[in-house]
Participant: 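Would you mind keeping the following structure in view while I ask a few things?
As a basis for the values below, the full set of heavy atoms in this structure was taken, side chains included, without hydrogen atoms, waters or symmetry mates. Just follow the structure's listing: the first ligand is 1, and inside any ligand the first atom is 1.
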Amino acid sequence: MTTPQPGKLVVVSGPSGVGKSTVVAKVLKRFGGRLRLSISATTRLPRPGEQDGVDYHFLEMAEFQRRRAAGEFLECIEVFGQGHWYGTLWSEVGPSLEAGKWVLLEIDVAGAKEVLARVSEAVTIFIQPDSLEELERRLRSRGTEQEVAIQRRLDVARRELALADQYQHRVVNDTVAEAVDEICQILQDRGLLND
Ligand code: 5GP
């Protein structure tokens with residue numbers, strides 16, 4: 001028997017509103033069981049419809065900080081300066097990588113930097129909008145956010161876009177289908193096989 005080749009980490013970032021989750025869901029489907037999504041932990045409250053253990057591991061602040069102190073996170077970060085913490089637990093990635101699976105992390109730019117510092121062979125992909133105007137249009141069309149929240153997300157997006165060139169690959173999400181094809185091609189070129 002041969003031991004499976006260890007899997008790789010795939011880090012995907014991009015401004016909120018760029019359509020990351022839609023693209024990521026389709027990429028995961030394309031690769032079946034070979035690529036799995038890491039479920040992040042967060043201290044923010046669940047939004048309507050979000051389920052614990054499915055969308056996020058929703059943790060109380062004390063529990064999050066206890067795990068952080070115990071070294072259970074591959075990376076963790078306070079996002080948006082609102083006091084909400086987000087992080088990737090080693091338990092979400094370690095066992096899958098050892099079993100030869102690839103694991104996709106959908107995390108922010110600061111988290112991505114932390115991952116690369118620890119796992120230099122990670123594949124990093126930045127999904128970007130056509131333009132900031134297009135991103136603003138998408139954020140408004142979701143209709144879920146107040147003006148202040150939209151402005152805050154646009155500020156974060158401006159800062160994130162400025163860091164896009166730190167990623168190995170940049171993909172423009174003008175159509176979902178093209179962005180999905182492009183990401184699948186990148187992953188295949190980096191050694192991930194189709195089912
Ligand atoms: P939301 O609260 O809208 O689900 O996510 C807000 C932001 O947190 C997004 O930019 C998302 O990429 C980022 N995020 C989600 N999970 C993690 C994580 O585990 N680590 C880091 N660093 N960022 C995360």
Side-chain angles (χ1 to χ4, degrees), residues 9-25 27-28 36-61 63-68 70-94 96-97 103-119 122-129 132 135-136 138-146 148-164 166-167 169-171 173 179 183:
L9 285 179
V10 180
V11 178
V12 176
S13 307
S16 129
V18 79
K20 258 179 315 193
S21 309
T22 313
V23 170
V24 162
V27 170
L28 290 169
R36 67 170 292 275
L37 182 67
S38 156
I39 298 170
S40 294
T42 183
T43 60
R44 81 152 164 75
L45 293 173
R47 299 194 183 112
E50 284 185 334
Q51 277 177 274
D52 186 33
V54 176
D55 299 286
Y56 279 104
H57 299 292
F58 293 100
L59 302 181
E60 299 280 343
M61 183 64 94
E63 176 63 7
F64 193 105
Q65 297 305 341
R66 187 193 66 72
R67 293 197 183 191
R68 184 177 168 226
E72 290 185 26
F73 285 101
L74 160 59
E75 60 78 31
C76 68
I77 220 90
E78 191 186 354
V79 178
F80 292 152
Q82 291 175 342
H84 293 318
W85 284 78
Y86 293 80
T88 307
L89 289 159
W90 277 110
S91 58
E92 279 291 316
V93 300
S96 293
L97 294 180
V103 182
L104 190 150
L105 315 180
E106 200 189 313
I107 63 179
D108 82 326
V109 287
K113 217 170 163 181
E114 237 183 277
V115 171
L116 262 188
R118 291 177 143 192
V119 186
V123 178
T124 59
I125 301 174
F126 190 88
I127 305 184
Q128 59 189 61
L132 268 176
L135 183 68
E136 183 164 2
R138 285 195 205 173
L139 280 172
R140 290 189 193 287
S141 71
R142 292 208 294 206
T144 52
E145 260 143 314
Q146 310 269 314
V148 213
I150 290 177
Q151 288 306 332
R152 196 175 52 228
R153 283 183 189 266
L154 284 172
D155 279 348
V156 174
R158 262 179 220 111
R159 268 179 274 138
E160 291 199 335
L161 284 169
L163 298 175
Q166 293 180 6
Y167 285 70
H169 307 276
R170 282 169 297 283
V171 171
N173 185 18
I183 293 175

Participant: Is there a heavy atom of K20 sitting under 4.0 angstrom from any atom of ligand 1?
Facilitator: yes
Participant: Looking only at distances, can you tell me whether any N or O atom of Y86, backbone or side chain, sits closer than 3.5 Å to an N or O atom of ligand 1?
Facilitator: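 Between Y86 and ligand 1, an N or O pair is found under 3.5 Å apart.
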Participant: Looking at R47, which atoms of ligand 1 are within less than 4.0 Å of one of its heavy atoms?
Facilitator: 1 (P), 2 (O), 3 (O), 4 (O)
Participant: Could you tell me whether E136 and R140 make a salt bridge, using a distance below 4.0 angstrom between a side-chain N and a carboxylate O?
Facilitator: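 A salt bridge is present here (some side-chain N lies under 4.0 Å from a carboxylate O).
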Participant: Taking the side chain as every heavy atom from C-beta outward, state whether L161 and L132 have any pair of such atoms under 4.5 Å apart.
Facilitator: yes
Participant: Could you pull out all residues at least two apart from E75 that satisfy side-chain hydrogen bond (donor to acceptor under 3.5 Å, both in side chains)?
Facilitator: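 E75: side-chain hydrogen bond (donor to acceptor under 3.5 Å, both in side chains) contacts with T88.
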Participant: Could you tell me, atom by atom, which parts of ligand 1 come under 4.0 Å of a heavy atom of T88?
Facilitator: 19 (O)
Participant: Considering G17, S40, G14, which one's heavy-atom position lies nearest to atom 16 (N) of ligand 1?
Facilitator: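 When every heavy atom of G17, S40, G14 is considered, S40 comes closest to atom 16 (N) of ligand 1.
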Participant: Can you name the atoms of ligand 1, numbered from 1 with element, that are less than 4.0 Å from a heavy atom of G111?
Facilitator: 22 (N)
Participant: According to side chain to side chain contact (heavy atoms under 4.5 Å, CB included), who are the partners of T22, at least two apart in sequence or on a separate chain?
Facilitator: K26, V176
Participant: If you round to the nearest 0.5 Å, how far is CH2 of W90 from CZ of R67?
Facilitator: 15.5 Å
Participant: Would you say ligand 1 has an N or O under 3.5 Å from any N or O of E75?
Facilitator: yes
Participant: When you check the gap from the basic side-chain N to the acidic O, do D155 and R158 get nearer than 4.0 Å?
Facilitator: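 Salt bridge between D155 and R158, a charged N being under 4.0 Å from a carboxylate O: yes.
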Participant: Please confirm whether G87 comes within less than 3.5 Å of ligand 1 when only nitrogen or oxygen atoms on both sides are compared.
Facilitator: yes
Participant: Can you classify the ring geometry of F64 versus F73 as parallel (below 30°), tilted (30 to 60°) or perpendicular (above 60°)?
Facilitator: parallel
Participant: Is it the side chain, the backbone, both or neither of I107 that has a heavy atom closer than 4.0 Å to ligand 1?
Facilitator: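 Near ligand 1, I107 shows its backbone as well as its side chain.
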Participant: In terms of atom number and element, which parts of ligand 1 are under 4.0 angstrom from non-hydrogen atoms of R44?
Facilitator: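 Result: 1 (P), 2 (O), 4 (O).
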Participant: With heavy atoms under 4.0 Å as the rule, classify the contact between H84 and ligand 1 as side chain, backbone, both or neither.
Facilitator: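 Within the 4.0 Å criterion, H84 makes no contact with ligand 1.
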Participant: Indicate yes or no: does E50 engage R44 in a salt bridge with an N to O separation below 4.0 Å.
Facilitator: yes
